[in-house]
Amino acid sequence: MKHLNTGLAFAAALSLFASVAPARAEPVKNIVLVHGAWVDASGWKPVYEILSKEGFRVTMVQEPETSFADDVTAAKRILDLQDGPTLLVGHSYGGSIITEAGVHPKVAGLVYVAAHAPDVGEDESALGKKTPSVLGKTEGVIKVTPDKFTYLDPVQFPKLFAPDLPRERAEFVARSQVLAAAQVFSTPLTAAAWKTKPSWGIVAGGDQIINPDLERWYYERAKSHTTVIPGASHSVYESHPKEVAAVITRAARSIDQPVTR
C-alpha cells in the first residue's frame, strides 16, 4: 500500500509539473512576401527559392495597386490563409502595406526591405519629400496617366530602379510595370505594426528610389534590427537575394512562438 501511495503521489507531481511548465516553442515557418509599387511578386522568386530550400512555407501577395486599402486587403487575405505564426516581409511601398496589415493576429514579426515604414497618420509621399531620393530630385521620371495611375519612365527605369540587375532583366521589369494609383503613396496609415511587433530592416546602400538615409531613419525609429547592403539598388531583393534571404531567415528563427494545445 505504501508503494501504491508513493506511485500515486509521483504521478500527481508529474501532472502538476506538466500543467505549470511553459509551453514548448517553435520557430516561425510561414513567410509572406509583399512587393512594392510598379512591380509584381515575380521579383521575389530568387528569395522565394532560397527560403523554400530552408524549409519555410513561402507565399507572395499580388496586390493590385489600385488603392492603399485594396493592397492592405490583399495582404490580409493571404495572411488569413496561413496556418500559424507568420513573418511578414515588405519591399518599398510594400513596407507601408505590412505596417498597416501587420497588426493581423497571425503576424509574429516584420521585415522591411528597402522599404517605407510610416507611423499612424503619416504617408510615405510626405516623408519621402522631407528626405528626397535621386528619383524625387529627378523631374519627369514618374509618369501619370489621365486616370491618375503612375509608372516610371521605362527608359530611365533600369538606371534608377535596378542598375545592379542584368540589363535585359531590368528592361523587362521596366516594360512590365504594374501601374500604381497615385493615391496609394499619399494615404495616411491607421495602424503601425512595428510599434508592437519585432522588426528587421534592410538598407539598400545605393538606393535611388528611396533615400537610404530615410530607410535608416525608419528602422531606427522602429528599433528594427538593421542590416546595410552596401551599393545595392532598390531592386536589392532581386540583385542580392542571398543577403536578403539571410536576414529573413534570421528573423524567422529568432521568433519563438508558443505551441497551441
Side-chain angles (χ1 to χ4, degrees), residues 22-37 39-65 68-117 189 191-202 218-219 222-227 229 236-238 240-261:
R24 294 182 301 106
E26 63 180 9
V28 170
K29 285 293 185 182
N30 298 324
I31 297 174
V32 169
L33 306 175
V34 181
H35 65 79
V39 295
D40 66 13
S42 63
W44 283 116
K45 186 179 180 183
V47 170
Y48 163 83
E49 291 175 342
I50 295 170
L51 294 175
S52 295
K53 289 178 181 177
E54 291 286 340
F56 293 105
R57 295 185 289 269
V58 187
T59 309
M60 276 70 65
V61 176
Q62 290 279 24
E63 62 263 27
E65 303 182 40
F68 183 62
D70 288 347
D71 294 343
V72 170
T73 297
K76 288 182 176 179
R77 189 176 295 120
I78 296 300
L79 289 170
D80 286 342
L81 298 176
Q82 303 306 300
D83 61 3
T86 301
L87 186 66
L88 187 57
V89 182
H91 169 253
S92 190
Y93 160 65
S96 293
I97 297 172
I98 71 170
T99 298
E100 181 90 7
V103 295
H104 191 287
K106 290 183 180 178
V107 175
L110 309 162
V111 179
Y112 292 91
V113 181
H116 289 284
L189 271 66
W194 50 260
K195 288 186 172 182
T196 57
K197 308 282 176 84
S199 63
W200 287 256
I202 294 174
Y218 279 135
Y219 308 154
K223 297 180 173 58
S224 305
H225 306 276
T226 302
T227 299
I229 301 180
V236 58
Y237 61 105
E238 193 167 3
H240 293 74
K242 291 182 180 179
E243 294 96 322
V244 172
V247 172
I248 296 171
T249 297
R250 285 198 302 272
R253 289 177 175 168
S254 68
I255 304 173
D256 288 335
Q257 296 293 308
V259 175
T260 55
R261 297 180 181 275

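Since we're looking at a predicted model, the values are computed, not measured. Residue indices begin at 1 and follow the sequence shown.
No side-chain heavy atom of Val28 sits under 4.5 Å from any side-chain heavy atom of Phe56. By the 4.5 Å heavy-atom criterion applied to side chains, Lys106 and Asn30 are not counted as neighbours. Ile97 places a side-chain heavy atom less than 4.5 Å from the side chain of Phe68. By the 4.5 Å heavy-atom criterion applied to side chains, Leu33 and His91 are not counted as neighbours. At least one side-chain heavy atom of Glu65 sits under 4.5 Å from a side-chain heavy atom of His35. Two residues are said to be in side-chain contact when any heavy atoms from C-beta on lie closer than 4.5 Å; Arg250 and Thr227 meet this criterion. Between Asp71 and Tyr93 the shortest side-chain heavy-atom distance falls below 4.5 Å.
Looking at Tyr219, its side chain never comes within 3.5 Å of a backbone N or O of Trp200 through a donor-acceptor pair. Glu100 places no side-chain N or O within donor-acceptor distance of the main-chain N or O of Ser96, the cut-off being under 3.5 Å. Counting only distance, with no hydrogens or angles, the side chain of Gln62 and the backbone of Asp40 share no donor-acceptor pair below 3.5 Å.
Side-chain N/O atoms of Thr99 and Tyr112 include a donor and acceptor closer than 3.5 Å.
Looking at every heavy atom in both residues, Ala41 comes nearest to Val61 through CB-O, 3.7 Å. For the residue pair Gly36 and Ser92, the shortest heavy atom distance occurs at CA-CB, 4.2 Å. Pairing each heavy atom of Ala115 with each of Gly95, the nearest pair is CB-CA, 3.8 Å. Residues Ala108 and Pro85 approach most closely at CB-CB, 4.3 Å, considering heavy atoms. Considering all non-hydrogen atoms of both residues, Pro46 and Glu238 come closest at CG-CG, 4.3 Å. When all heavy atoms of Ala101 and Val107 are compared, the closest pair comes out as O-CG2, 4.4 Å.
Interatomic distance, CD1 of Ile98 versus NE2 of His104, reported as 14.0 Å (0.5 Å rounding). Going from atom CD1 of Ile78 over to atom CG of Leu88 covers 11.0 Å, rounded to the nearest 0.5 Å. Distance check, rounded to the nearest 0.5 Å: CD1 of Ile202 to NE2 of His225 gives 13.0 Å. Atom OG1 of Thr196 and atom CG of Leu110 lie 8.0 Å apart (nearest 0.5 Å).
Sorted by first and then second residue, the side chain to side chain donor-acceptor pair (under 3.5 Å) pairs involving residues 45-54 (not counting sequence neighbours) are Glu54-Arg253.
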Using a 3.5 Å cut-off and no angle test, enumerate the donor-acceptor pairs between side-chain atoms of residues 241-249 and protein atoms at least two apart in sequence or in another chain.
unit_1 : atom_1 : unit_2 : atom_2 : d
Thr249 : OG1    : Ala245 : O      : 2.9

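Residue Val32 is tested with Thr86, Leu81, Val58 for a side-chain contact (heavy atoms from CB on, under 4.5 Å); the sole match is Thr86.
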